[in-house]
Amino acid sequence: MATHEKRYVIIGNGVAGTTAAETLRKNDANCSIHLLTNEAYPLYNRVSLPRFLQGVIVEQKVMIRDFAWHEQRNIQLVTETLVTEVDTDERVVVTAKGQQIPYDALLIATGGWANPLRVPGAEGVKHIYNFVTLDDTKTIIERMLESRTALAYGGSFISYELCDGFAVRKLDTTWLMRGPYWLRNALDPDGGEVIDNIAKKFGVEVIHGDEIAEVVPKNGVPSYVKTTKGKEVQADIIGIGLGITLNTHILTNTPIEVRNGIMVNEYLETNIPGVYAAGDVAEFYDATLGLHHTMGTWDNALAHGRVVGVNMAGGRQAYLDVPTYTSPLFDVNIAVVGTAESNNPELVLHSRREPGEKGNENYRKLFFRDNKLVGVLMIGSPKGRKKLVDIVKNQLVFETSAEREALLQLK
C-alpha cells in the first residue's frame with residue numbers, strides 16, 4: 001500500500017464515496033482526503049428512505065455517519081459544494097464556489113439526477129416530486145400530511161416506493177405507468193400481475209399503458225392530470241419515478257471515456273491513470289457476464305467503494321462481486337441478484353408463479369447465459385436466495401432445461 005503522502009479527492013459522498021474514503025484512511029494513514037457533496041448531509045441510508053417516507057422510522061435512523069466521524073478520521077467532508085469541472089491535465093477539481101482542489105488520485109462517485117416530469121402544465125407547479133434524496137423525502141412527507149389524493153408515475157423501483165409510501169399514509173393513490181406492467185425490463189405479464197395484485201390489496205388503482213399528457217394546476221399546485229388516453233386522475237401530490245440521468249457532465253471536456261456511464265476496468269479505473277469511478281455512475285466490467293454495464297443498487301455501490309479504496313491507495317484488487325438488491329414491496333419483499341434483463345436476447349429465462357390468494361403470491365424468475373445462472377428476481381418468499389447467489393458466484397453449469405427449471409423450486 002502507499003507509504004508517501006498522497007492527495008485523494010472523491011466527488012460524491014454516497015455509500016461508494018464514503019466507503020472509499022474510509023478504506024483509503026485505513027490503507028494510507030498519512031494521506032489527505034477531500035470528500036465533496038452537493039448535499040448538506042453526511043452519508044445517509046438511501047435504502048431506508050422508503051420506510052422514512054412511510055413513517056415507519058424517524059430521520060435519525062436514516063443517518064449512517066455524522067460530521068464527527070469524518071473529523072475523527074481526518075476526512076475533509078465538504079458539503080453543499082457542486083463540482084463543475086475536472087482537469088485531468090492539471091489534476092485539479094474545480095467547484096462552483098471557485099475552489100481548485102488538486103489530486104493525485106480521483107474518484108468520481110456522482111450517481112445521477114432524477115429525470116423530471118416534462119409535460120404541459122408541470123413547469124413551475126409545486127408538489128411534483130422526485131424521490132432520490134433525504135431532502136426530497138422530507139418535502140414529500142410534509143405535503144402528504146396535508147393531501148388526500150396522490151399519483152405515482154412510472155414503472156421503476158422509485159415509482160413503487162412512492163406508491164407504497166402514499167398508500168401506507170392512507171392517501172387515495174393511483175399508480176400510472178407507460179409500460180404493460182411494472183419493471184417491464186425484468187418481469188413478464190405473470191410477474192407484473194403479481195405486483196398489481198399486491199398494490200390493489202392496499203387500495204391502489206393501477207393504470208398501465210398510459211402517460212401523463214398534461215398537469216392541470218389550481219393556484220399553483222396540482223389539481224388533476226390528464227392522460228394520453230383521456231383519463232383524469234385527481235392528485236394533490238405527484239411522485240415521479242422516470243429513471244435517472246447519470247451525472248457525467250463534469251467530464252465533458254476531459255479525455256475520460258463515457259458511454260452510458262463512466263467506463264472503468266475490473267479495478268474500477270478509467271482510461272486515465274489515477275482517475276476512478278464507482279457506484280451508479282460507473283460502467284463497470286462484470287466478470288459474471290463478461291461485459292460492461294451500470295447498476296444502481298446500494299450493495300453494488302458499497303462493494304465498489306471497498307474495492308476502489310484499496311486500488312486508489314496502490315492495491316490491485318479486481319471487482320468480482322455479485323450485485324444484489326432487496327427491498328420491501330408493500331407487505332412482501334423483492335430481491336434482485338446479478339443481471340435480470342428480460343430484454344437481453346443473450347439470456348435464457350425461466351419463471352414460476354406459485355398459486356395463492358391475490359396479493360400473497362410468490363414469484364421467481366431466473367436468467368441464464370451459456371447455461372450459467374447470472375440473474376435472479378424473487379417476489380415474496382426469500383427461501384433459496386442465498387443458495388442462488390452462491391450458484392451465480394460459482395458459475396455452475398446447468399445443461400438441460402429440466403436442471404434449470406429445478407432451481408425455481410430451490411428452498
Side-chain angles (χ1 to χ4, degrees), residues 12 14-17 19-20 46-47 107-115 132 155-158 179 183-188 241-249 251 256-272 275-308 311 317-327 334-349 365-378 388-389 391-395:
V15 69
T19 301
R46 295 180 189 275
V47 178
L107 173 61
I108 304 163
T110 47
W113 305 109
N115 295 326
V132 176
S156 65
F157 277 99
I158 293 294
L183 215 62
R184 60 179 172 177
N185 289 334
L187 287 174
D188 52 29
L242 298 177
I244 64 171
T245 298
L246 296 178
N247 190 3
T248 62
H249 72 280
L251 305 180
I256 296 171
E257 184 179 2
V258 178
R259 294 182 191 172
N260 179 34
I262 301 170
M263 293 294 294
V264 293
N265 60 21
E266 64 268 39
Y267 306 105
L268 300 177
E269 190 171 22
T270 70
N271 60 309
I272 302 301
V275 180
Y276 299 78
D280 298 8
V281 79
E283 190 161 345
F284 64 97
Y285 181 76
D286 188 329
T288 303
L289 286 179
L291 50 78
H292 282 81
H293 64 124
T294 59
M295 180 165 288
T297 70
W298 180 271
D299 286 354
N300 187 62
L302 174 63
H304 275 192
R306 289 171 176 160
V307 170
V308 79
N311 293 339
Q317 182 176 327
Y319 176 71
L320 299 171
D321 208 3
V322 176
T324 62
Y325 178 78
T326 58
S327 177
I334 182 167
V336 181
V337 176
T339 300
E341 300 172 346
S342 291
N343 58 351
N344 186 335
E346 295 184 358
L347 302 184
V348 175
L349 316 177
K365 189 170 188 177
L366 306 180
F367 303 75
F368 293 86
R369 183 173 184 263
D370 297 331
N371 295 326
K372 298 175 182 178
L373 184 65
V374 296
V376 179
L377 192 152
M378 304 174 72
L388 290 169
V389 171
I391 290 171
V392 175
K393 284 183 177 178
N394 294 321
Q395 288 291 275

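Just so it is clear, the structure is predicted and the values come from calculations on it, not from any experiment. Computed over heavy atoms, backbone and side chain alike; hydrogens, waters and symmetry mates excluded.
- If you take CG on Asp321 and CG on Leu302, they are separated by 9.0 Å, rounding to the nearest 0.5 Å.
- Scanning both residues, Ala277 and Thr270, for their nearest heavy atoms gives N-CG2, 4.4 Å.
- Two rings, from Phe284 and His292, have their centers 6.0 Å or more apart.
- Within the 4.5 Å cutoff, side-chain heavy atoms of Thr248 are placed close to those of Val281.
- Remark: Asn311 CG to Arg306 CZ distance equals 14.5 Å, nearest 0.5 Å.
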The test is side chain to side chain contact (heavy atoms under 4.5 Å, CB included); show your working for Leu187 and Ser342 and say whether it passes. CA-CA 7 Å; Leu187 287 174; Ser342 291; 5.9 Å; no
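- Remark: the backbone N or O of Glu257 is paired with a side-chain donor or acceptor of Asn271 at under 3.5 angstrom.
- The two atoms that bring Gly17 and Leu107 nearest to each other are CA-CD2, 4.3 Å, heavy atoms only.
- For the residue pair Glu283 and Gly261, the shortest heavy atom distance occurs at OE1-N, 2.9 Å.
- Going from atom CD of Glu341 over to atom CG of Leu377 covers 12.0 Å, rounded to the nearest 0.5 Å.
- Here His249 contributes atom NE2 and Thr110 contributes atom OG1; the two are 8.5 Å apart, rounded to the nearest 0.5 Å.
- To the nearest 0.5 Å, atom CG of residue Asp370 and atom CD of residue Glu346 are 8.0 Å apart.
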Derivation of the side chain to side chain contact (heavy atoms under 4.5 Å, CB included) call for Phe157 and Ile334: CA-CA 10 Å; Phe157 277 99; Ile334 182 167; 4.2 Å; yes
Test side chain to side chain contact (heavy atoms under 4.5 Å, CB included) on Val264 and Glu269 and set out the steps. CA-CA 5 Å; Val264 293; Glu269 190 171 22; 5.9 Å; no
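- At a threshold of 4.5 Å between non-hydrogen side-chain atoms, the residues Leu347 and Leu349 count as touching.
- For the 3.5 Å distance criterion, the side chains of Asn300 and Tyr319 qualify, holding a donor opposite an acceptor.
- Side-chain contact check for Val376 versus Val336: every heavy-atom pair is 4.5 Å or farther apart.
- Taking 4.5 Å as the limit, some side-chain heavy atom of Ile108 sits within range of a side-chain heavy atom of Val275.
- Of all heavy-atom pairs spanning Ala186 and Lys365, the tightest one is O-NZ, 3.1 Å.
- Ala301 and Val15 make their closest contact through CB-CG1, 3.5 Å (heavy atoms, listed as atom of the first residue, atom of the second, distance).
- The distance from the CG atom of Asp280 to the CH2 atom of Trp298 is 10.5 Å, given to the nearest 0.5 Å.
- Two residues are said to be in side-chain contact when any heavy atoms from C-beta on lie closer than 4.5 Å; Arg369 and Thr339 fail this criterion.
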Mind running side chain to side chain contact (heavy atoms under 4.5 Å, CB included) on Met378 and Leu388 for me, showing each step along the way? CA-CA 11 Å; Met378 304 174 72; Leu388 290 169; 4.3 Å; yes
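- Residues His293 and Asp286 share a closest heavy-atom pair of NE2-OD2, 2.7 Å.
- A ring-centre distance under 6.0 Å is not found for Tyr285 and Tyr267.
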